[in-house]
Amino acid sequence: MNKLKKYIKDKNWVEVLNQCKVLNPDERAATIQYLHSLDIDRDILEKDGHSLDVMARLDFYENRKRVYATLNFALIACTRQFEDIAKIEYLKGEWRWSPLTSYLNNPAIGVEPLLAFYQLFPSDYLGKIVKASQKDRFRGIDFKVLWAFYEQGWIAFDESYFVTRLFTLTMFDRDTEEEADFLLTNPDAIDKVFLRFHKYEIPVLDISKWKAREGFVCKKVTEYWTEVIQIMQEKGYVFDRAIIPCLMESLLNNWKKPHLDWHIRLLSLFNTTQYDYLQQQQLLFSLLNTGNTSLINFSVKQIKTIYKMDGFDENGFIDHVSTIFPKEKIEKSLLLCLDILDHILKKEEYSTLDISTELSMLLLQTDSKVQEKGAQLLVGQADPEILKDLVEPHHSNLKLKTLEILGLAHATPHKADAAFEEEAEQLEQVTIPSTWDALLFQIGDFIRTKSALDFDLFLEGLNQLQNDIPKDYKKQLKPYCKQLFSRFWDIDYMGFFANFMHYWIGDDNLEKSSDENDSIPFTQHKLDWMQQKLKSNNSLPFLSTPSHRPFYLHPKVLVKRLLAYEQKKVAIEMEDLIVACNRLLYKQTDEETIRLVKTLKGNYAAAIQYYLGATDEVKPTADVLALWTQVTRIKQLDHIFPEFENTAAKNYPAVATPFEISFEIIIDKNEYSTWHRMLLEHNWNYSWFKREETKYYPPLFYNTAPFSTAFREAIAFQLSLTPQYIGPLLCRYIPDTASGNEVRKMEHCLYPMQFLMDQRLEIHGSGWLYIAVCLLFEKKISRDLAAEYIQFSLIDRKRDLSYLAHAIGKLIAGGYAPVNRFIEYLDRPFVSQQVKEFQLLCLEKTLEHLDGERLPINSKKLVTYYVEVSAQLNKEANQAFLSKVKRK
């Protein structure tokens with residue numbers, strides 16, 4: 001046995017095979033047991049590589065990998081038939097390890113040992129092993145092993161699997177020079193496997209580590225294979241030209257964009273000629289119909305090189321090119337296409353061709369050069385009467401120069417009508433579960449939606465049905481509890497709800513969540529109150545339960561609930577009342593509600609009476625100070641309240657004065673990248689860069705945003721607790737950068753923005769900073785939602801958005817986001833006069849904030865659009881603004 005151990009240490013597989021091939025069954029069993037007992041570091045290498053320096057450690061582990069492969073081969077050499085494979089498997093920690101699978105996946109000492117072994121002991125199970133390995137993408141059989149087995153006739157050829165295994169790169173196991181040499185010495189593998197990659201969406205977009213010519217790199221697998229091809233070409237290999245049409249055809253596959261982009265690059269690498277592209281011109285035309293920007297740009301680029309060659313299908317080009325006329329973000333390709341079209345239409349044989357309707361689609365484009373070129377072609381194609389009809393639908397979208405080319409007068413943008421009906425009259429009353437079956441359905445609804453409304457309706461339903469709970473309720477709750485207890489909840493209040501269900505069914509044996517909830521503590525508190533209600537059989541209603549969807553409360557309902565508490569002399573929960581007031585439709589107070597509110601006696605009475613208009617006096621007291629700060633700010637959004645000067649809350653945001661927070665743009669730069677970071681006063685938006693603790697205020701002061709940010713669905717829940725004055729909380733969700741954010745920050749510019757638009761909530765004060773950031777954010781969905789919200793605020797709510805324009809101007813001038821994102825907003829087609837006027841205000845504020853010595857990239861575009869929009873609105877451009885950019 002010691003000899004065998006030494007052979008393994010020396011990586012001498014020949015002697016390992018010589019020793020194992022003569023063993024009888026009992027000796028093989030004993031050898032397997034002995035090999036299983038060996039610890040590679042302790043018993044074979046007799047040292048551990050962790051304490052070595054970097055270079056020595058790398059050498060140690062490279063040698064260890066080869067020794068380990070030799071050990072696996074020794075175990076394989078102890079097998080004779082399929083049943084023996086299970087005998088050499090063993091537990092390695094918690095995993096069952098297969099030496100054969102390990103070796104087939106990574107033959108660190110080569111394929112020769114396996115060939116020698118299976119030539120001595122032919123097997124009929126290799127086909128089974130290969131078939132089983134196809135289910136495992138990351139631990140399949142090494143391609144060199146597959147190819148060797150196939151050449152020996154031991155396994156059948158499977159093109160799809162062979163291609164996948166060749167092109168799948170595991171970490172650290174591949175070398176571009178070795179790969180190229182292997183392929184060059186196996187020309188059949190090139191023809192039968194390598195050159196078939198275009199047929200399969202192989203995992204070339206994965207990132208792996210491999211040895212390139214300059215050393216180990218960590219890059220996408222596409223770069224590995226690009227380098228392999230280059231090495232083969234440098235060594236004189238000439239690829240079959242049949243790969244060109246195959247690659248071209250592959251571009252029509254519905255694959256990921258980066259994969260198709262790689263195929264485009266390979267066409268250049270394989271030296272595709274103009275003649276090749278001419279032969280494939282119909283396919284180039286088809287690419288125009290794909291809608292894929294990269295494919296369209298590639299197609300147009302190649303068509304540009306061949307459109308004057310004999311054999312070019314001009315009619316085919318005309319038939320297909322119009323499909324890209326309305327396409328966005330392909331301005332350069334459109335201009336090239338229009339040059340080609342202009343060249344063709346000047347020919348005598350096309351003098352009677354009328355494509356004016358198709359050309360009019362170019363007027364949908366916002367780029368001035370595309371519009372102008374399209375207008376020039378349109379004027380040459382259409383009669384004046386027809387031209388007027390074709391242009392009319394696009395008139396408000398056209399630039400001034402385009403209108404001049406078309407011979408049309410400039411028109412002022414139209415005034416838009418409100419897009420949404422006022423929601424106050426449309427609110428639907430909620431239905432609180434009134435039967436046990438309805439309550440069960442409500443539990444299911446809440447687990448599914450995780451919404452604030454379903455949470456509140458469940459608790460209120462349970463509260464009112466305390467005396468109607470059936471004896472077998474635990475059995476009926478079992479399916480819902482199974483859903484709750486069998487998974488980990490990344491939304492904390494779902495964990496608290498699971499804890500509550502533990503309590504309700506009386507199960508103290510199951511593990512319960514003990515996390516602290518600092519994003520929506522109200523959920524934990526309300527569940528605690530429900531437990532108390534069940535213990536005391538108190539069915540007085542929760543004050544904050546909505547009366548109308550999605551989360552609003554009618555004033556009369558709240559007052560009647562308060563009177564019910566007073567009648568039974570039961571103390572209210574102050575946080576419950578504060579949330580109720582934050583959700584209150586206080587503007588719907590009627591005379592009956594005012595009469596009832598005057599009869600309130602509790603310490604909260606004066607604040608509620610002020611809130612609902614029964615009195616104008618603001619007299620905050622320490623015991624209900626948090627309540628006073630909420631109702632005063634909600635009722636008088638822009639008012640200054642000196643009454644709070646002598647209270648503990650005098651310096652809290654949004655109490656004595658409206659919420660206003662300052663910000664600055666800081667440049668964060670290193671050798672790789674530059675970021676422009678937005679830092680809010682008191683580190684309001686949790687920027688790690690500021691290295692300052694975020695400032696919080698006591699939890700009951702909801703309008704000061706005293707809680708941390710929530711996660712996904714929980715964001716809507718959190719915002720529903722303070723919908724009337726949401727700005728401070730929104731500002732907590734502002735990312736400090738507009739680009740390069742990770743998922744959580746991207747969601748911060750999505751979930752709150754979506755909630756605002758869905759519920760049509762109003763923003764006040766510095767809350768508009770959040771909208772400004774979303775309008776300039778890296779994700780288009782956030783930009784689109786912000787643009788929609790701005791239009792809603794301008795047209796439906798008739799809001800003055802001067803503060804928002806100021807914020808946008810300061811952010812753009814400070815470099816917080818690229819100018820082109822703002823240009824995208826300016827380029828939105830068919831906007832109303834109200835929006836145009838706001839866009840002009842944004843441009844003015846941006847130019848006002850610009851530093852003439854440190855202009856952002858594309859600042860000249862700002863001037864171009866400023867002049868254009870000013871002219872559209874018949875306003876004179878400010879020359880002082882223009883001079884800032886001219887100095888550059």
Side-chain angles (χ1 to χ4, degrees), residues 522 543-544 553 555 558-559 561-563 565-566 571-589 591 593-662 681-682 684 695-707 721-732 761-768 800 803:
F522 178 69
L543 300 175
S544 58
L553 179 60
L558 174 60
V559 174
R561 289 175 182 175
L562 288 170
L563 288 171
Y565 274 83
E566 291 185 1
I572 67 163
E573 295 291 348
M574 184 53 63
E575 186 176 11
D576 199 21
L577 178 56
I578 286 173
V579 172
C581 288
N582 285 340
R583 292 173 163 180
L584 203 64
L585 295 166
Y586 66 94
K587 293 180 181 179
Q588 295 191 21
T589 305
E591 292 184 4
T593 305
I594 292 176
R595 184 187 66 78
L596 289 172
V597 79
K598 289 179 179 178
T599 66
L600 292 175
K601 304 296 183 185
N603 59 350
Y604 48 77
I608 302 301
Q609 288 162 2
Y610 163 81
Y611 193 20
L612 298 183
T615 177
D616 293 331
E617 292 184 294
V618 177
K619 293 182 178 180
T621 55
D623 56 340
V624 288
L625 180 60
L627 176 63
W628 271 107
T629 64
Q630 308 304 295
V631 300
T632 50
R633 181 52 57 210
I634 292 172
K635 187 173 182 182
Q636 294 184 270
L637 298 162
D638 301 319
H639 194 66
I640 295 175
F641 292 99
E643 293 89 345
F644 290 104
E645 288 299 322
N646 295 321
T647 69
K650 65 179 180 179
N651 294 321
Y652 292 2
V655 174
T657 59
F659 178 68
E660 293 181 3
I661 194 165
S662 62
E681 185 181 0
H682 305 311
W684 198 266
K695 198 163 186 178
Y696 287 106
Y697 298 89
L700 290 185
F701 292 82
Y702 269 64
N703 288 343
T704 66
F707 314 120
L721 301 180
T722 177
Q724 306 277 20
Y725 199 73
I726 207 168
L729 191 52
L730 283 179
C731 287
R732 296 290 196 198
L761 301 182
E762 291 199 33
I763 298 176
H764 306 275
S766 291
W768 285 105
D800 176 4
Y803 180 92

Would you call [X] and [Y] a side-chain contact if the rule is heavy atoms closer than 4.5 Å?
X: Y611; Y: P555; value: no
X: L543; Y: Y565; value: yes
X: L584; Y: V631; value: no
X: L600; Y: V597; value: yes
X: R561; Y: L553; value: yes
X: E643; Y: W628; value: no
X: L700; Y: L627; value: no
X: Y702; Y: P728; value: no

Is the number of heavy atoms from other residues, nucleotides or ligands under 6.0 Å of E645 CD greater than 12?
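More than 12 heavy atoms, drawn from other residues, nucleotides or ligands, come within 6.0 Å of this atom.
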
State the CD-OG1 distance between Q630 and T704, to the nearest 0.5 angstrom.
7.5 Å

S544 OG to N582 CG distance, which is reported to the nearest 0.5 Å
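Reported to 0.5 Å precision, the distance equals 10.5 Å.
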
Hey, is the main chain of V655 close enough, under 3.5 Å, to the side chain of T629 for a donor-acceptor pair?
no

Main chain of G765, side chain of E660: is a donor-acceptor contact present, judged purely on distance under 3.5 Å?
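Answer holds: no.
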
For the pair Y725 and H764, name the ring-plane relationship: parallel under 30°, tilted 30 to 60°, perpendicular over 60°.
parallel

